[in-house]
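Everything on this sheet refers to the single structure shown next.
Throughout, a chain's letter reflects where its sequence line sits, starting with A, and its residues are numbered from 1.
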Number of protein chains: 2
Amino acid sequence: MRATRFFISTLKEAPADAEIVSHKLMMRAGMIKRLGSGIYNYMPMGLRVIRKVENIVREEMNRAGAIEMLMPIVQPAELWQETGRWDKMGPELMRVKDRHGRDYIIQPTSEEAITDIVRADIKSYRQLPINFYHIQTKFRDERRPRFGLMRGREFTMKDAYSFDRDLAGMQQSYQVMYDAYVRIFNRFGLQFRAVAADNGAIGGSGSHEFHVIAETGEDALVYCPSSDYAANMEAAEALPLADERAPAQAALQKTATPGKAKCEDVAEFLGLPLQQTVKSLVLAVETEEKEKVSKQIWLLLLRGDHELNEVKAAKVPGLANYRFATEAEIIETFGTPPGYLGPINTKLPVKIVADRTVALMSDFVCGANEADFHFTGANWGRDIPEPLVADLRNVVAGDPSPDGKGVLAIQRGIEVGHVFQLGTRYSQDMKATFLDENGKPQLMQMGCYGIGVTRILGAAIEQNFDDKGIIWPTAIAPFEVVICPMGMDRSEAVKAETEKLYESLLAAGVDVILDDRGERPGAMFADWELIGVPHRIVIGDRGLKEGNLEYLGRRDAAASNIPVQEMQAFILQKLQGK
Amino acid sequence: MRATRFFISTLKEAPADAEIVSHKLMMRAGMIKRLGSGIYNYMPMGLRVIRKVENIVREEMNRAGAIEMLMPIVQPAELWQETGRWDKMGPELMRVKDRHGRDYIIQPTSEEAITDIVRADIKSYRQLPINFYHIQTKFRDERRPRFGLMRGREFTMKDAYSFDRDLAGMQQSYQVMYDAYVRIFNRFGLQFRAVAADNGAIGGSGSHEFHVIAETGEDALVYCPSSDYAANMEAAEALPLADERAPAQAALQKTATPGKAKCEDVAEFLGLPLQQTVKSLVLAVETEEKEKVSKQIWLLLLRGDHELNEVKAAKVPGLANYRFATEAEIIETFGTPPGYLGPINTKLPVKIVADRTVALMSDFVCGANEADFHFTGANWGRDIPEPLVADLRNVVAGDPSPDGKGVLAIQRGIEVGHVFQLGTRYSQDMKATFLDENGKPQLMQMGCYGIGVTRILGAAIEQNFDDKGIIWPTAIAPFEVVICPMGMDRSEAVKAETEKLYESLLAAGVDVILDDRGERPGAMFADWELIGVPHRIVIGDRGLKEGNLEYLGRRDAAASNIPVQEMQAFILQKLQGK
């Protein structure tokens, strides 16, 4: 490609609404352009990256035996009513009426559409397993779209759907997809991690998220450096930090802790380690029976230095629909405002759940349900009845790995893929059955597998940038190589060598752009560093006199001189195994 | 591709709602599957054709210097309000509100979005000309979606938009696109015709439609076999059929024509040629001024054997917003119901417009404005004041070509492309200006260029089918070649030769599918004839014994024996220049 036949539009400054580095750099590099809130034009430079991502995804999906098709963007509401998602999905589901007043949605995903196809076209066990995918525009009406392509409303997703005869088949299809995802993310040239994920309300036996590792990631990933354990923070099990509870040694004592409402302050004030304090969180659950609403207050206990895992809390039987209690409810129940709460002497009865670690503590500190007072020397069994025990907290670095093979580490990631064992969640509602070997109808076992195609761009940049701009991995760079001639209009030698190398690289199948715009070197170099092309060749009279061209890798600190006649081989070598 | 790794789903019968052959065959061949009214899943077999169409379009657009990008499907209403199309486009424009109540549309086309980009990013004449395109999903909420992909609601369109400094530049960009379209349609392997089209309300100097020729086409295409004149029926000029009016010879005479309300019946009853009769059409135009609505009745006169061209009628000054008059209005104005109307002795004053041919007639027959009576021997100037004259009629085969180079012929076509000189229609409303050489802001001159990607599939089939199914041109066939082994599971020889040829054709870059499903020959052959793969190779024990494979072109009446070792070269020869 010649730059004069392409469209390059870079900016010195990112627009004010760009909060994160990938959003800023994509705007500055002219890869995307905002059309509306969370809605972006993919400019020619950005589209090239998207196409490369799509092609890698497509090749690996095909190789894994998935079959490409294309389902519509606008889908009839009826299908979504069949599965209940028309009601369950809130305003995130974009709804639209046609001229006849009929309801449609703009698809955020396609479980309903594919199940509708399969229940009509797949009739026999002989047609299974099968896996369909499409790479299609999706829409989710996010409440607060932001971060450019990271949390936009319109985006491109690859979604695949497998259908199997039984659970074992589904698990096999799932593994095939998992393996394909590993190949895909390896081919992108990105550092990534697959982690076990929470299955949410759907249940089922398995789900993994694929995260691009980046310090700016929204998700905390838990892994064990000495084993292959990896899970999303939401799903990572926290083992108890002790084998058994030490015997009580201190007496229970009410102690004045004036103005010390936080565990950190209490510990410091009392001269005790934070690990000896227990914090109290108050939840409320309302249940409706025969039009009468009843409310239950719950007290959750965590060690002072630990944090609640809200997903785990919702898994405690009875807490599925919890909310945090209001200050009024807290005062009514405990007789004191937050900061001095504890499991001893509550005003009204509450259900108490202790985190596994708390349940094994002795002689601990907790609020006295009286403003400005805490208890020290609190002990289970003696001062407080034995509590319900559950895994309630987020793991922290250094915690024992659930697989018993070492200690946990934490890094941050950006979710860009998700594989999911759905089981019969959709086939049941939509009556997607097949006839088995005995001619009996059976529900299909389903899996679904998503990759956020456009999100990959943002994630790749969050992982790979410097103060000059983007650093694309070669496999998904808009161009692999840029040729920057110095004074092509003045020097016949530069012009001749430039054209020769350009044509020769093109002929060798290199995705090369020739910057023939005639920009000054400084502006030209700045553009390509911002855009993030991984390999740069500079052709100038000075170098040519010595028989050299200049090469600079996007991550290199300094350029290297490469003899003219060796440059092509040098570049091909660099691109090998891209 | 192996058929067992692909998804093939053919039907014996088309669904009842499929009215036209392309819709029936696409459904039967399992290329599309209905999801909702005018909304189709593109099944794996259909998607392959779409991708081939897209790739040809993409290659030729790139070659013509257009730059690919991608604009969103959901677009903010504000842009459409700027150009007035938010109000002007009726219910065909699919409107949607987001969770905050803000208005959006699902794009039917992208003039607004691209002009919004260009007005921000193109600042100088040095950046022009430029041409952007995208291949993107569109939505038009058709009142009555039908004919499968021919008049669906969701469809794929390639739309390109050129921006130029001046009219001459725009015309050059237009010509470049016109030439690219000719290459594209040639590469599809379809018979097509480019015709001058009506510019509609937009005006401007030029517009051509590209039609796939098909007897079932909705549009009548007018062309001159002895010149390059070609126009859509709407836009084809009808020259007068005589050089001058013959002198009046007959006397005006009122003649009883009881029950003869049609020109054909009157001519037969009077024993006169139909070409001597004149038919009357009554239009009404309402105009509102200072909140007072006034109505003007118009009488349009056509020769008895001619038909009104409604687009031409609307171009007569004063008739832009005409409608056909009601029977009540006709009786009020002419004192008689339709069938006996004419320009002589109308009850109320009317404006009379005669078609060019009528204006040159003498001694003609017309209604007497009295039930069951006509005048014969009517003459302009003597019996009726000289009328306004305009080109009002559709041309018919045999009419003189407007370029004076022969006579016109008519064939039917399906519109699949449209190139349009827009001028400043959008740049004016949206203030898309650039600074010229003198630093003065100038409006950009714009062109737009569409190809109905998914519609091409329907049109190609309407042109190429037989009673067995579809006959794809090789360039857009889902597969170029199908290998049908006979008894692959029984015969080692068949299996070995099949695998060898399959791998060898794949290696030669042939898009081949191997039908390894184990179907009976009859069902297997019927599937591939229905699906329309252009080249079929049958491998069987009988042929192999004689060292032969069997080849059948999709249009061939009988198969040919080709020696085993020559088959690959034979196929490559057939595919040459595809």
* Asked: Should the heavy atoms of other residues, nucleotides or ligands under 6.0 Å from CD of B:Glu82 be counted, would the total exceed 12?
  ->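 Enclosed: over 12 neighbouring heavy atoms sit under 6.0 Å from CD of B:Glu82.
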
* Asked: For A:Glu519, does the CD atom have more than 12 heavy-atom neighbours from other residues, nucleotides or ligands under 6.0 Å away?
  ->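 Enclosed.
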
* To do: Residue by residue, scan residues 29-41 of chain A and write down, ordered by number, those that have a heavy-atom distance under 4.5 Å to chain B; if none do, write 'none'.
  => A:Lys33, A:Leu35, A:Gly36, A:Ser37, A:Ile39, A:Tyr40, A:Asn41

Heavy atoms only, distances under 4.5 angstrom: which of [options] has the most pairs with chain A? Name it, please.
| options | result |
| --- | --- |
| B:Gln136, B:Arg48, B:Arg5 | B:Arg5 |
| B:Arg102, B:Met71, B:His100, B:Glu154 | B:Glu154 |
| B:Gln127, B:Met69, B:Met94, B:Arg95 | B:Met69 |

* Looking at A:Met45, A:His134, A:Arg51, which has the largest count of heavy-atom pairs under 4.5 Å with chain B? ->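 Most heavy-atom pairs within the cutoff with chain B belong to A:Arg51.
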
* Look at A:Met1, A:Gln75, A:Arg153, A:Lys97 and state which one has the largest set of heavy-atom pairs under 4.5 Å with chain B. => A:Arg153

Engaged part of [X] at the chain A interface, taking heavy atoms whose separation is under 4.5 Å:
| X | value |
| --- | --- |
| B:Ile130 | side chain |
| B:Glu78 | neither |
| B:Asn62 | backbone |
| B:Phe139 | side chain |

* Go through the steps for B:Phe7 and A:Ile122 under the test side-chain contact (heavy atoms from CB on, under 4.5 Å), then give the verdict. => CA-CA 10 Å; B:Phe7 185 71; A:Ile122 302 282; 3.8 Å; yes

* Enter the distance from A:Ile73:CD1 to B:Lys138:NZ here, rounded to the nearest 0.5 Å. =>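 Rounded to the nearest 0.5 Å, the CD1-NZ separation comes out at 10.0 Å.
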
* Asked: Between the side chain of A:Glu68 and the main-chain N/O of B:Leu47, is any donor-acceptor distance below 3.5 Å?
  -> no

* Apply side-chain contact (heavy atoms from CB on, under 4.5 Å) to A:Thr137 and B:Thr137, showing your working. => CA-CA 9 Å; A:Thr137 304; B:Thr137 304; 5.5 Å; no

* Which atoms of A:Ile106 come close to chain B, meaning under 4.5 Å heavy atom to heavy atom: side chain ones, backbone ones, both, or neither? -> side chain

* What part of A:Leu79 lies closer than 4.5 angstrom to a heavy atom of chain B: side chain, backbone, both or neither? -> side chain

* Asked: Of the options A:Asp121, A:Ile67, A:Leu70, which is the one that meets B:Met43 in a side-chain contact (heavy atoms from CB on, under 4.5 Å)?
  -> A:Asp121

* How far apart are the closest heavy atoms of B:Arg99 and A:Pro91, and which atoms are they? ->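 Looks like NH2-CG, 3.2 Å.
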
